[in-house]
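Questions regarding the structure given below will be posed in turn.
Letters go in sequence order (proteins before strands), and every chain restarts at 1. These numbers come from the heavy atoms of this one structure, side chains and all, not from hydrogens, waters or symmetry mates.
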Amino acid sequence: MVMIEPYDHSEIEKKWRENWQKDQTYTTDLTKNEKAFYCLDMFPYPSGEGLHVGHWRGYVMSDFYARYQRLQGKNVFHPMGFDAFGLPAENAAIKSETHPKEFTQRAIKTFTAQLSQMGASYDWSKKIVTSDPEYYRWTQWLFLQLFKHSLAEKRKSLVNWCPKDQTVLANEQVIDGCCERCGTVVTKKELDQWYFKTTAMAEELYGGLDGVKWPERVKTLQRNWIGKSKGANVKFSVVNSRFSIEVFTTRPDTLFGVTALVLSPEHPLVSKLTTQESNEKVEEYLEGVASKTNIDRMQAKETEKTAVFTGTYATHPLTNENIPIWLADYVLADYASGAVMCVPAHDERDYQFAKTHNLPIKQVISPTAVSDANLPYIGQGIIISSKGYNGLNSNKASENIVADLTNAAKGEQKTIYRLRDWLVSRQRYWGAPIPIVYDPDGKAYAVKDEHLPLLLPDDVDFLPGGESPIARSKEYAMRAEKLYGVGWRFETDTLDTFVDSSWYFFRYLSPTDSSQPFDKDLVKNWLPVDFYVGGIEHATLHLLYARFICRFLAKFGYIDSSIAEPFSQLFNIGMVNMHGAKMSKSKDNVVSADQLVEHYGADTLRGYELFIGPMDVEAEWNPQGVNGIHRFLIKLWKVSQSCQDIEASDENNQEFQRYLHSISQMINQHRLNTVLAQAMTFLQYLHTQPKVSKKLLENFLITLSPIFPFICEELWQKFGHDQSIGQESWPELAEVANYLELSVRINNKHVYSIPVRGDESEEETLELIKQSPPPSQKDKLLKLLEPNTRRVYKTGSFINFVVHS
RNA sequence: GCCGGGAUGGUGAAAUGGCAGACACGCAUGGUUUAGGACCAUGUGCUCGCAAGAGCGUGGAGGUUCAAGUCCUCUUCCCGGCACCA
C-alpha cells in the first residue's frame, strides 16, 4: 500500500464530518435495549462566546467513552442539547437590544457548529432545547405533578434577593453571601414564592448517595449540604403560660447543664413571651437585629453574642428548675425549631453567650479523661451532676434521658436536616412560565392541561424591575381572563432554569413526543445514566435537584420505581486554566478552540485535551504542548504508509498485547493521559521496526479511534475498509509474559539485570547469576551466593541480597 | 473552626510497597531545509567529573520494612467546600 499525500487534517476532517452526518453513523436505535449504555454530558448553556478549550475537555472525555463502549459492543446513546433559558441570555439581550429568543438561537447555531467540528459522536436527532415550547410544556407539566402531590407550594418567607439581577435566588445560588451569577451582595426580602419541597425527601437524598459511583468529594459535598443530624427534641413548658418551647439538641446527655433557653429573634413566640418590664429592651433589640444586613450577620465576630432577656422562664423537664428565656441572633430562625437549650459548659457558642451575659455555667461531664478540660470542653465523657444519670457515659446517658423524656411526653428522638426547600420562582422573563392561575380571590389552581404550553408572552420589554417582566404583558393578562374568566390571572414569575435541567436526560429519549414527557418503557431501559461527565460546580445545584426530581418521579410511579438515582456513575472533569486562572472573557485569557482546530485539526486538540493531565484535576493550558500530539499524528500517518500486508512477528504481537493490557486498565480507571503516553511509546516502537504488519496497525488504529476519530477513520478507509472503524470490535486481550528482565540488587540497590522467562525458581535464578555475573561485580556477587546470605526473592521481578555493614 | 483534596525536574506529569522522573513540552547539539517553520537523530533531575563513575534527591521531622513518593505518627504550606446548623 502506498500513500504519498501528506497528513491534511482539514480535508480529512471535513470529509468525515459530512460522511458521518450523511450516514447517520451515530444515530441510536433506542428500542434496541440490549447492552444499552447512556453516555451523557452536562448540556451547555449557549452563551454568546462559543466554546473554548476548557469546554472541550469534558466533551472529549465523554466522547471517548461513548466510542470506546461502542467498540465493546454496547448500544451507546450519546445525546446533546441546550440549557437555553436563563439570565445571561436575558442580560445579553438587554445589552444588545435583541430578543432573548433570537440571541439564544444564534448562540445555539454557533455552538452546534463548534460541537460538530470536534467530531463528537452525538446523536443529533435527539437534540433538545429547553426554551422550546415543546420542551417547556413538559417542564410545566412536571411542576404541576409536584403541585398535585403537594410538593410544590407557595409561601411567604424571607428569601435571598439579588438587587442587581432583580430576582430571588435559591440557597444553593448564594455563594459567600453573593449572587452566584453576578457577584452582587445578596439581601433578604420577604416574598410570597413557590418552593419545591426537597426537604420532604431529605433522608432518601442522603441515603441514596451510598449506592452511586460518584467521586467521594461530591458525595461529601452533598452530605454536608443535606446536613443530617441525629438528636432529640426537648419540650420546655413556659412558666405561667400554656405555651411550650421545643428545642433540638444533638447532646441530650448535657440536658442537666442547661442554664438558659435561647430563641432566635424571629421565633414566633417572641411577642407572647416578652414581659411588660422587658418589652422596651426586647423591642430595641429586635430593631437592631432587623437593621443588620445579611453581611453584617455573616461578618459579625463569633464572639459577639448580643442577646436580650424576655423576662420569662421555662421549666426544666427533668429538674423542674426555672430556666430564663433569652433572645439572641446567634440562634438561626430557619434551622430546627429556631430555639436552643444553652449549655455553656460544653458548647463554644453557649459559653461565649453565657460569659457575655453573666449566666451560670454548669458542668455535667466529668473533666477527668477529657483531653482539654478548659471550659467549654466539648466531646463525650462520664456524666456528673445529673441525678440518676451520673456515672453513665454520654451515649448511654443520652439514650436513657431520651427514653425518660419520651415516657413523660416531654421529648423524643429526632433527626433533622440542614437542607432547605428549593425556591423555584424567578422574577425574570427568560424562563418557563409557572403554570398556575389565580382566581379573583387569589387562590392558586393548576393551569389546565389543554392550555399547556403556557407560552411566554411576546409583548414585553424584558427589563428587570423587581417584579416579573411578564406581569407587564397586556396579552398575558387578557389570555388568562379569556381562558378562565374575569378577574383570573396567571402567575407571572418564571421557573428557575435548574428546573429545566433537572429532567432533561429523560426527555432525550423521546424528544419529539407530543403526548407525554417521556416514554416509561424507554426510561426503564435506559436510565440510570451510565456515565455522566461535567464540572464540579454543580455538586449541590443541578445534581441535587436532578436527584430530587428523579426520586419524585419514581416514588409516584411516573417512572419505574427501581430508578431511584438518575446517574449511576459521575465523573467530574477538571477545569482548564490559563495563566493560573479560569478562562473568562473579562480576564482576557480565553483560548479559543476554533483557531487551534484550523491550525492543527480537531484530532490534535482532542488528544491534547486528554494528554494535558489527569482528567479529574485542574490543568494549565500550555499552548506549545499541542505540538507533541500533532507530531504523534504525523508519525502515525507515516508509519501507516510504510506498513505491509504481512503477519506480525511474535515480538511485535507481544509488544502490542502489553500495550493493550496497560491501556485497558487505564481506561477503566479514567486515566486517559497515560493511555496516550502508552500509545506514543508503542508508536515509537513500531517506528523503529523494519517491517510493520498492516493487521497489527489496524488493531492499533481501533484502539486510537476513540481519541482520534478522524485520522483513524481515514486510515481505516485507506486500508480498504468500507464501513466505519467505529463498528469494529476492541482487539482481543491475550496472555503475555509479564517480565523479561530481573533486577539483581544488593541492599535494594540495582546492580544489573538478567533476562528471564518470568517463572524461575529462586535456585534457578541464583544459578543464572553464578553463570554470568557482570565482570565488575563478579567477586562480590559470587560471595553473596553463599547460603547464609539473607535474600529476598520476588519471582520474575528481582532478587535482593541483604548485607549489613 | 469543621470536612475534603493536594505538594515529585525549567514546565505538564508517570510510578499494584520493588531500578523515582515513563510520556510529552521546553531547552541543547547535530542533520535536513533558500530562509523561517516543519521534520529527523542524540542528550537533558541536582552536585562533582573529560569520562567511567560517585554522592544527593519526591514540602519538613520521625517511624515501620530487606525495600517508602507510596504505609504509620507529627508538622508546614497550598487549593476547594461548609461555616454561630445547636
Side chain of A/Ala677: nearest nucleotide among B/G26, B/G18, B/A22?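 The nucleotide sitting nearest to the side chain is B/A22.
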With both distances under 3.5 Å as the test, what is the Watson-Crick or G-U wobble partner of B/U64? none
Can you tell me how far P of B/A24 sits from CZ of A/Phe682, to the nearest Å? 15 Å
Candidates B/A86, B/C19, B/C84 - which lies nearest the side chain of A/Arg745: B/C19
What is the nucleic acid contact for A/Lys219, judged by heavy atoms within less than 4.0 Å: base, sugar-phosphate only, or nothing?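 No contact.
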Glycosidic conformation of B/G9, syn or anti, with 90° from 0 as the boundary? syn
Base B/C84 paired with A/Lys305 side chain (donor-acceptor, <3.5 Å): yes
For the pair A/Arg757 (side chain) and A/Gly796 (backbone), establish whether a donor and an acceptor sit closer than 3.5 Å, ignoring hydrogens and angles.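 No; judged by distance alone, with no hydrogens or angles, the pair does not exist.
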Of all heavy-atom pairs linking A/Asn233 and A/Glu246, the shortest is ND2-OE1, 3.1 Å
Starting at atom CZ of A/Arg790, determine the distance to atom P of B/C66, rounded to an integer number of angstrom. 5 Å
Whole-Å distance separating the CD atom of A/Gln624 from the P atom of B/G26: 5 Å
Report yes or no: does A/Gln222 contribute a side-chain atom to a donor-acceptor pair with the main-chain N or O of A/Ala539 at less than 3.5 Å? yes
Do A/His316 and A/Phe256 have ring centroids that are under 6.0 Å from one another? yes
Which comes earlier along RNA chain B counting from the 5' end, the contact point of A/Thr220 or that of A/Gly227, where each point is its nearest nucleotide?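 On the 5' side of the pair lies A/Thr220.
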Taking B/G63 as the reference, what is the distance to B/C27 when you measure between their P atoms (whole Å, please)? 44 Å
Provide the Watson-Crick or G-U wobble partner of B/C82, both distances under 3.5 Å; none if there is no partner. B/G1
Whole-Å C1' distance, B/G5 and B/A38: 42 Å
Do the charged groups of A/Glu655 and A/Arg658 touch, with an N to O distance under 4.0 Å?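 Between A/Arg658 and A/Glu655 there is a salt bridge, with a charged N closer than 4.0 Å to a carboxylate O.
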Measure CD/A/Glu537 against P/B/C79 and give the value in whole Å, please.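 A/Glu537 atom CD is separated from B/C79 atom P by 20 Å.
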Between A/Glu203 and A/Lys228, does at least one N-O distance fall below 4.0 Å, as a salt bridge requires?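 Looking at A/Glu203 and A/Lys228, the cut-off is met.
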Contact string for nucleotides 5-15 of chain B, one letter per nucleotide 5' to 3', B = base within protein heavy-atom range under 4.0 Å, S = sugar-phosphate only, - = neither, reads -------BSSS
Can you check the A/Ile746 CD1 to B/C19 C1' distance for me, whole Å? 14 Å
Closest to the A/Glu741 side chain, choosing from B/C3, B/G18, B/C19: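 Side chain of A/Glu741 sits closest to B/C19.
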The nucleotide from B/G18, B/C84, B/C39 with an atom nearest the side chain of A/Asn748 is B/G18
When we call it a touch if two heavy atoms are under 4.0 Å apart, what does A/Ser229 touch: a base, just sugar-phosphate, or nothing? sugar-phosphate
Distance, rounded to the nearest Å, where A/Tyr330 contributes OH and B/G1 contributes C1':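 The distance from OH of A/Tyr330 to C1' of B/G1 comes to 17 Å, rounded to the nearest Å.
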B/C71 to B/G81 separation - P atoms, rounded to the nearest Å: 26 Å
Just N and O in the side chain of A/Arg631: are any of them under 4.0 Å from OP1 or OP2 of B/C39? yes
Correct closest heavy-atom pair for A/Arg57 and A/Val617 would be NH1-O, 3.2 Å
Side-chain donor or acceptor of A/His52 paired with backbone N/O of A/Gly54 under 3.5 Å: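 Looks like yes, one N/O pair under 3.5 Å.
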Does the base of B/G81 carry an N or O that pairs as donor and acceptor with the side chain of A/Asn224 under 3.5 Å? no
Identify the heavy atoms of A/Ser394 and A/Ile365 that sit nearest to each other, and give their distance.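 Heavy-atom minimum between the residues: OG-CD1, 4.3 Å.
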Between A/Phe498 and A/Trp422, does the ring centroid distance fall short of 6.0 Å?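 No: the rings miss the under 6.0 Å criterion.
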Could you please name the option among B/C19, B/G26, B/G55 that lies closest to any side-chain atom of A/Asn627?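 Of B/C19, B/G26, B/G55, B/G26 is nearest to the side chain of A/Asn627.
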No-H, no-angle donor-acceptor pair, A/Asn800 side chain to B/C66 base, under 3.5 Å: yes
Provide the distance between the two C1' atoms, one in B/U76 and one in B/G59, to the nearest whole Å.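 Taking atom C1' in both B/U76 and B/G59, they lie 7 Å apart.
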Looking at every heavy atom in both A/Val53 and A/Leu596, which two are closest together, and how far apart are they?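 Taking A/Val53 first and A/Leu596 second, the nearest heavy atoms are CG1-CD1, 3.6 Å.
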Which residues, if any, of residues 411-421 of chain A bring a heavy atom under 4.0 Å of RNA chain B?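 The stretch gives A/Arg418, A/Arg420 as the residues lying under 4.0 Å from the strand, ordered by number.
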How far does the C1' atom of B/A86 sit from the matching atom of B/G60, given to the nearest Å?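 Those two atoms are separated by 39 Å.
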Protein-nucleotide distance (A/Ile536, atom CD1; B/G80, atom P), rounded to Å: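 Going from A/Ile536 (CD1) to B/G80 (P), I get 13 Å.
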Using heavy atoms to find the nearest nucleotide of RNA chain B for A/Ser337 and A/Val792 separately, return the residue whose nucleotide is more 5′. A/Val792
Taking only the side-chain heavy atoms of A/Met680 (C-beta and beyond), determine which of B/G26, B/C19, B/C23 contains the nearest atom. B/C23
Mind checking the P distance from B/C48 to B/G43? Whole angstroms is fine. 22 Å
Could you tell me how far apart A/Tyr793 (OH) and B/A67 (P) are, to the nearest whole angstrom? 20 Å
Taking atom C1' in both B/G69 and B/U58, compute the distance separating them and give it to the nearest angstrom.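 Rounded to whole Å, the distance is 5 Å.
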For B/C74 and B/C2, measure between their P atoms and round to the nearest Å.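 To the nearest whole Å, 14 Å.
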On the nucleotide B/A86, are OP1 or OP2 found under 4.0 Å from the side-chain N or O atoms that A/Tyr335 carries? yes
A/Tyr608 and A/Asn622: side-chain donor and acceptor closer than 3.5 Å? no
Looking at B/C19, I'd like to know if its phosphate oxygens (OP1 or OP2) sit under 4.0 Å from a side-chain N or O belonging to A/Ser753.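 So the side chain of A/Ser753 is outside the cut-off, no N or O lying under 4.0 Å from OP1 or OP2 of B/C19.
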